[in-house]
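Contents: one structure, followed by commentary.
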2 protein chains.
Amino acid sequence: MTDTTKAGGDAGRAAARPGTAKSAPTIYDIAVLAGVNPSTVSRALSKPGRVSAKTAQKITDAAQELNYQVNVFARALPTGRTQTVGLIVSDITNPAYFEVIRGAETAASGRDYTLMLAESAESAELELTAARRMLATVDGLILASPRLSDEEIGLLASKKPVVVINRSVAGVASVVADTEVGVTDAVRHLAAMGHTAISYVAGPERSWMSQRRWESIKARCDWHGMQATVVASLPPTVDGGRRAAAGVRAGAATAVFCYNDLMAIGLMRELQSAGLTIPEELSILGFDNIFGSDFTTPPLSTIKSPLHELGVSAFRRVLDAVDQVDAGQEPPAPPTELVLRGSTGRAKGA
Amino acid sequence: MTDTTKAGGDAGRAAARPGTAKSAPTIYDIAVLAGVNPSTVSRALSKPGRVSAKTAQKITDAAQELNYQVNVFARALPTGRTQTVGLIVSDITNPAYFEVIRGAETAASGRDYTLMLAESAESAELELTAARRMLATVDGLILASPRLSDEEIGLLASKKPVVVINRSVAGVASVVADTEVGVTDAVRHLAAMGHTAISYVAGPERSWMSQRRWESIKARCDWHGMQATVVASLPPTVDGGRRAAAGVRAGAATAVFCYNDLMAIGLMRELQSAGLTIPEELSILGFDNIFGSDFTTPPLSTIKSPLHELGVSAFRRVLDAVDQVDAGQEPPAPPTELVLRGSTGRAKGA
DNA sequence: TTGTATGCGTTATCAG
DNA sequence: CTGATAACGCATACAA
């Protein structure tokens with residue numbers, strides 16, 4: 001039976017809407033118009049070069065004329081491929097993700113892929129739900145600063161290509177910014193400004209990157225013979241930063257790193273409203289260099305992350321995995337960079 | 001032929017990955033395990049109540065045991081439905097979209113829908129591309145402050161349910177914040193502070209909302225017998241705001257509204273770095289009340305938008321359209337609200 | 001209530 | 001190089 005009629009329920013896409021008459025054209029329509037077999041149309045459209053130039057021309061012309069658009073569902077059914085990759089960020093409200101989203105997005109568009117974005121609102125549970133949902137429809141998944149456990153991530157990665165950003169999970173591809181260079185510069189600067197004791201306001205326990213940043217800071221402080229302590233572990237938000245104020249004041253540090261700019265901003269504002277002057281009485285540093293970190297008074301000194309590159313690079317790596325191309329070496333980690341503004345200064349009494 | 005074997009290319013999802021053995025279970029697998037017909041499984045899983053409680057139980061049990069997951073593509077093929085709605089924002093970098101995204105997202109999750117997010121980077125062309133791409137895979141589309149022309153939007157809306165946020169297009173459902181109340185309060189406040197001439201820094205020409213806000217401001221100023229003028233039309237970004245500085249200084253206004261907070265922040269900072277003191281020499285007002293608008297010195301006075309409600313409401317309306325339920329009345333526009341902070345004060349010389 | 005038969009639009013296999 | 005045909009997994013008229 002080579003029935004080319006389009007019978008059956010018209011439940012298809014583009015049906016029943018006011019302006020839309022009949023359902024979208026298919027390769028069958030193109031086939032009759034071009035006088036070839038549907039399978040030839042399929043070939044011509046999906047694998048260039050596997051069909052004679054002449055018929056290919058006829059077919060593309062016919063497709064153009066009918067304003068043909070592939071039905072991605074029909075295509076995905078036999079192939080399992082969707083030309084879509086997912087990106088899950090832990091908090092859409094954190095400006096730090098702006099650029100990683102942009103980076104991934106542009107990289108995706110450039111390769112004719114679509115990016116599917118979701119957030120987990122800092123909840124491991126929601127993150128898992130979102131990840132599972134996405135996994136069913138995407139070719140690969142990018143997890144930015146995931147709150148999931150290593151096991152959960154490994155499980156996801158066993159089903160589809162997964163790349164994690166700013167985290168390291170055994171057996172899973174990852175793209176991590178090199179915190180070293182920014183931290184090295186920052187601590188050296190602090191030392192030069194007479195600081196001898198610093199503290200660190202950590203982010204969530206589950207945050208691999210928070211841990212990583214602390215280790216880096218600790219190591220450099222040791223090197224300089226400075227004292228370094230963690231004062232708290234709180235949500236990576238402005239409010240989290242505020243809540244760190246008491247702990248910070250209780251300590252003896254004259255300079256404090258916060259896990260990210262959001263926390264640094266919260267901490268600074270809370271301290272200021274309690275009467276402290278920044279940086280005269282305390283130096284504050286954040287991480288990321290987000291939108292708004294230069295709005296504050298004083299503007300925030302911070303360690304800038306290569307957010308855009310992270311997004312681009314992560315997308316590239318999923319695609320490599322999807323296409324089974326051997327990624328070769330892990331690409332070098334893009335470096336961080338110290339951005340000195342007004343929230344850091346000479347140590348009090350130094 | 002009721003062949004239940006799973007032959008053919010194993011190109012399906014979850015194939016060829018290290019840990020994954022055979023392809024995912026289907027309703028056929030469930031059917032044999034539960035001892036019923038596949039179509040019964042389909043019914044049991046998609047339309048609760050159309051199958052006897054007993055068999056339903058058997059089927060859900062079997063599904064559970066096999067860890068069954070519907071293949072959304074296979075489902076989408078005959079039905080055309082994907083349980084997914086798209087949201088396109090004009091600039092993912094604008095914090096104003098945080099809450100509309102969150103709103104739409106939570107509303108979507110609540111109804112077991114997935115939100116697909118994209119941005120257009122303030123480009124009408126990219127927006128159209130993104131919209132077209134999405135249209136093929138979603139059940140409905142939300143356009144937040146689109147830069148598209150009315151015709152283009154109408155065309156999209158003729159194919160799938162479309163809802164626009166903060167814009168009005170003939171024949172297309174829309175959700176718009178009521179600017180009136182916020183503006184009314186703001187202008188009244190300004191009048192009380194002795195201002196008699198205000199100016200407006202407009203956003204993009206294509207921005208319906210920028211126009212809307214201006215009309216609202218103009219009307220209230222007229223009412224108070226105040227003079228009101230537009231000084232520029234620029235990109236709705238911090239940099240756009242900076243570029244408005246010269247025009248603002250050239251005018252005689254003692255208070256200026258900016259299309260949004262981003263512009264207001266840019267304008268304020270530029271003016272300040274040129275030596276002006278805010279609000280003593282000039283009062284500045286923004287719109288939206290975004291993240292960071294209270295970080296500045298002085299903190300920005302602004303007209304807060306019901307961003308979250310806009311997102312929620314927009315999602316609801318697409319869903320109504322998708323489900324063909326008569327939306328009934330246009331829901332009332334959620335109101336804006338004046339938020340007085342430090343960037344507004346008594347008119348200079350008043 | 002449940003089973004039967006078929007279609008959804010595309011890709012893939014196998015002949016010719 | 002091209003044509004015929006069988007999956008891909010699910011939903012749904014229709015019959016029983």
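Here the structure is a predicted model, which is why all the values come from computation and not from measurement. Below, read A as the first sequence line, B as the second, and so on, with proteins coming before strands; counting in each chain starts at 1.
Summarising the geometry, the separation between CD1 on A:Ile27 and P on D:dA4 is reported as 13 Å, rounded to the nearest angstrom. The interatomic distance linking A:Gln57 (CD) with D:dC1 (P) rounds to 16 Å, in whole Å. Between the CG atom of B:Asn71 and the C1' atom of D:dA7 there is a distance of 13 Å, rounded to whole Å.
Neither OP1 nor OP2 of D:dC10 sits under 4.0 Å from any side-chain N or O of B:Thr79. The shortest distance between the side-chain N/O atoms of A:Asn37 and the OP1/OP2 oxygens of D:dA4 is below 4.0 Å. Of the side-chain N and O atoms in A:Thr55, one or more sit less than 4.0 angstrom from OP1 or OP2 of D:dT2. Side-chain nitrogen and oxygen atoms of B:Tyr68 include at least one within less than 4.0 Å of the OP1 or OP2 phosphate oxygen of D:dC10.
From one end of the helix from C:dT1-D:dA16 to C:dG16-D:dC1 to the other, with five pairs defining each end axis, the axis direction shifts by 30° (rounded to 10°).
Applying the side chain to side chain donor-acceptor pair (under 3.5 Å) test to A:Ser313 and every residue at least two apart in sequence or in another chain returns nothing. Not counting sequence neighbours, the partners of B:Phe315 by the ring pair (Phe, Tyr, Trp, His ring centres under 6.0 Å) test are B:Tyr113. Listed by chain and number, the residues in a side chain to side chain donor-acceptor pair (under 3.5 Å) with A:Thr55 are A:Ser52 (sequence neighbours excluded). Contacts of A:Glu152 classified as salt bridge (charged side-chain N to carboxylate O under 4.0 Å, His left out), with partners at least two apart in sequence or in another chain: none. Applying the side-chain contact (heavy atoms from CB on, under 4.5 Å) test to B:Thr114 and every residue at least two apart in sequence or in another chain returns A:Met116, A:Arg133, B:Thr84.
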What donor-acceptor contacts under 3.5 angstrom involve side-chain atoms of residues 38-47 of chain A, with partners at least two apart or in another chain?
unit_1: A:Ser39; atom_1: OG; unit_2: A:Asn37; atom_2: OD1; d: 2.9
unit_1: A:Ser46; atom_1: OG; unit_2: A:Ser42; atom_2: O; d: 2.6

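Nearest to the side chain of B:Arg75, among D:dC10, D:dG3, C:dG9, sits D:dC10.
Sorted by first then second residue, the salt bridge (Lys or Arg N to Asp or Glu O under 4.0 Å) pairs that include residues 162-171 of chain B, not counting sequence neighbours, are B:Asp150-B:Arg167.
Side-chain contact annotation: A:Thr82 with A:Asp139, donor-acceptor N/O pair under 3.5 Å present.
For DNA chain C, the neighbouring residues in residues 38-47 of chain A, judged by any heavy atom under 4.0 Å, are A:Ser39, A:Ser42, A:Arg43, A:Ser46, A:Lys47.
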